[in-house]
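One structure is given here, and the rest of the page talks about it.
Values below: every heavy atom of this structure, side chains too, minus hydrogens, waters and symmetry copies. In each ligand, atom 1 is the first atom listed, and ligand 1 is the first ligand listed.
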Amino acid sequence: MNEEQWIAVDRFIGDLLIPSDPALDAALRASVEAGLPAIQVSPAHGKLLHLLAKVRGAQTILEIGTLGGYSTIWLARALPVGGRLITLEADPKHAEVARANIARAGLAGAVELRLGKALDVLPQLAAEQRGPFDFIFIDADKPTTPDYFAWALQLSRAGSLIITDNVVRKGALADANSTDPSVRGMRRFHEMVSAEPRVSATTIQTVGCKGYDGFTLALVVRSGMNGRGVE
Ligand code: SAH
Ligand code: DHB
Ligand code: MG
């Protein structure tokens, strides 16, 4: 098994199950033209996020790490009428490209992009009582993932789903001696999840057009919102 085969299978899946879509295609094109790194979720992963948000019946979604808004569009399209998505992005150029992509997709009314470092914006969201969110996607700078998970818990309630991207790091997740800050962050994230009675979680390894990585799915089984959540 090799990476070429993973890409070929992702293409087969994409061709049959993920019809090309003008807004998503345009978002990817505009992101490339603006020089953004092509590190967005794959089409198959984007559709998985969309389906999970639908299964959850999510009316409120929080995304940490927007880039050009590709995953944002997949997620926002899962919202019912009147649903809201807040996405956090620290890089002004990424935010500008994402805003245009989201508007072109017809989602400007449902999506609020907050520019700023997520660790600055998350306390603001809590202070503004913008939670709880039904669905949270963590996909920003990897070493800070444990802090984002702690905030996600605070901004969730029983029944919320927290998905975290890029947790397997080409298998380095299993390397206790790794000095890579991203790997260390993802190991510490797993330790937190393991010790956290408010969630039930698993991590799935993935291969595909983005190589070998994986994501964690954590279901909040007990409220994190100081009694304000629905038990
Ligand atoms: N979710 C996107 C990909 C996000 S890539 C998709 O799949 O389409 C990670 C993004 O997180 C980058 O745009 C990066 O600028 C942003 N980021 C990095 N550090 C951040 C921080 N501290 N706060 C908010 N965003 C951050
Ligand atoms: C990378 C991939 C991602 O999915 C992401 O969110 C951030 C970075 C990467 O391959 O560098
Ligand atoms: Mg990612």
Side-chain angles (χ1 to χ4, degrees), residues 3 6-7 10 18 21 23-32 34-50 52-53 61-78 85-102 105 107 111-125 135-152 162-173 180-183 185-186 189 203-217:
E3 201 143 355
W6 303 344
I7 294 167
D10 246 352
I18 308 165
D21 174 277
L24 287 167
D25 292 349
L28 290 180
R29 259 198 319 273
S31 299
V32 169
L36 268 51
I39 54 175
Q40 70 282 343
V41 292
S42 70
H45 191 163
K47 185 148 184 196
L48 174 67
L49 293 171
H50 173 87
L52 287 170
I61 299 177
L62 173 64
E63 175 178 69
I64 307 176
T66 317
L67 190 65
Y70 182 76
S71 56
T72 316
I73 294 171
W74 272 115
L75 283 168
R77 283 181 169 173
L85 183 152
I86 299 179
T87 185
L88 313 186
E89 176 55 53
D91 185 314
K93 182 174 160 192
H94 296 185
E96 185 189 332
V97 173
R99 282 205 171 100
N101 286 337
I102 291 161
L107 293 164
V111 175
E112 184 182 334
L113 191 157
R114 293 275 191 111
L115 178 61
K117 284 191 191 300
L119 283 184
D120 296 331
V121 179
L122 287 161
Q124 293 168 11
L125 295 180
F135 189 104
I136 300 175
F137 180 45
I138 301 175
D139 192 24
D141 50 318
K142 309 310 166 187
T144 317
T145 300
D147 305 288
Y148 297 147
F149 180 65
W151 275 108
I162 303 172
I163 308 286
T164 306
D165 196 23
N166 310 115
V167 302
V168 173
R169 320 294 313 171
K170 297 185 165 68
L173 181 65
D180 178 333
S182 295
V183 174
M186 291 311 181
F189 162 68
T203 290
I204 296 298
Q205 305 186 62
T206 57
V207 295
C209 61
K210 289 192 69 186
Y212 169 31
D213 213 326
F215 62 90
T216 299
L217 190 157

Task: Per-atom contacts of ligand 2 with Lys210, taking only distances under 4.0 Å to non-hydrogen atoms - done: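 Here the atoms of ligand 2 in question are 2 (C), 3 (C), 4 (O).
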- [ ] Find all atoms of ligand 2 within a distance of less than 4.0 Å from any non-hydrogen atom belonging to Asn166, and give their numbers and elements.
- [x]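 It comes down to these atoms of ligand 2: 2 (C), 3 (C), 4 (O), 5 (C), 6 (O).
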Do we see a donor-acceptor contact under 3.5 Å between the side chains of [X] and [Y]?
X      : Y      : answer
Ser31  : Gln40  : no
Asp141 : Tyr148 : yes
Thr87  : Thr66  : yes

Open item on the list: Among Thr216, Thr145, Asp213, exactly one meets side-chain hydrogen bond (donor to acceptor under 3.5 Å, both in side chains) together with Asn166. Which residue is that?
Closed with: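 It is Asp213, the one option of Thr216, Thr145, Asp213 that forms the side-chain hydrogen bond (donor to acceptor under 3.5 Å, both in side chains) with Asn166.
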Task: Distance-only N or O hit between ligand 1 and Lys117, under 3.5 Å - done: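 N/O-N/O distance below 3.5 Å does not exist for this pair.
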TODO: Report yes if Val41 has an N/O atom closer than 3.5 Å to an N/O atom of ligand 1; otherwise report no.
DONE: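 It does: an N or O of Val41 is found under 3.5 Å from an N or O of ligand 1.
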Open item on the list: Rounded to the nearest 0.5 Å, what separates atom CG in Leu49 from atom CD1 in Ile73?
Closed with: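 Going from CG on Leu49 over to CD1 on Ile73, the span is 13.0 Å.
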Task: Asp165, N/O/S atom nearest the Mg ion (ligand 3) - done: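 Of all N, O or S atoms in Asp165, the Mg ion (ligand 3) lies closest to OD2.
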Open item on the list: So, of the N/O/S atoms that Asp139 has, which is the nearest one to the Mg ion (ligand 3)?
Closed with: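 Checking each N, O and S atom of Asp139, the shortest distance to the Mg ion (ligand 3) belongs to OD1.
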Open item on the list: Taking only non-hydrogen atoms of Gln40, do any sit less than 4.0 angstrom from ligand 2?
Closed with: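 Under 4.0 Å: no for Gln40.
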- [ ] Please find out if the Mg ion (ligand 3) and some N, O or S atom of Asn166 are separated by less than 2.8 Å.
- [x]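 Coordinating: yes.
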TODO: Kindly confirm whether the Mg ion (ligand 3) is within less than 2.8 Å of some N/O/S atom in Asp213?
DONE: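 No, outside the cut-off.
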Task: Nearest protein heavy atom with distance in Å, relative to atom 10 (C) of ligand 1 - done: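 For atom 10 (C) of ligand 1, the nearest protein heavy atom comes out as Glu89 OE1, 3.7 Å.
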Task: Min N/O separation Ala140 to ligand 2 under 3.5 Å - done: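 Between Ala140 and ligand 2, no N or O pair is found under 3.5 Å apart.
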Task: Sub-4.0 Å atoms of ligand 1 with respect to non-hydrogen atoms of Gln40 - done: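 Selected atoms, number and element: 6 (C), 7 (O), 8 (O).
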TODO: Output the list of atoms in ligand 1 that are nearer than 4.0 Å to some heavy atom of Leu67, sorted by atom number.
DONE: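 Ligand 1 atoms under the 4.0 Å threshold to Leu67: 2 (C), 3 (C), 4 (C), 5 (S), 13 (O).
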Task: N-O pairing of Arg77 and Asp21 below 4.0 Å - done: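 Yes, this pair counts.
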TODO: Have a look at ligand 1 and work out which part of Trp74, if any, has a heavy atom under 4.0 Å from it: side chain, backbone, both or neither.
DONE: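 Neither part.
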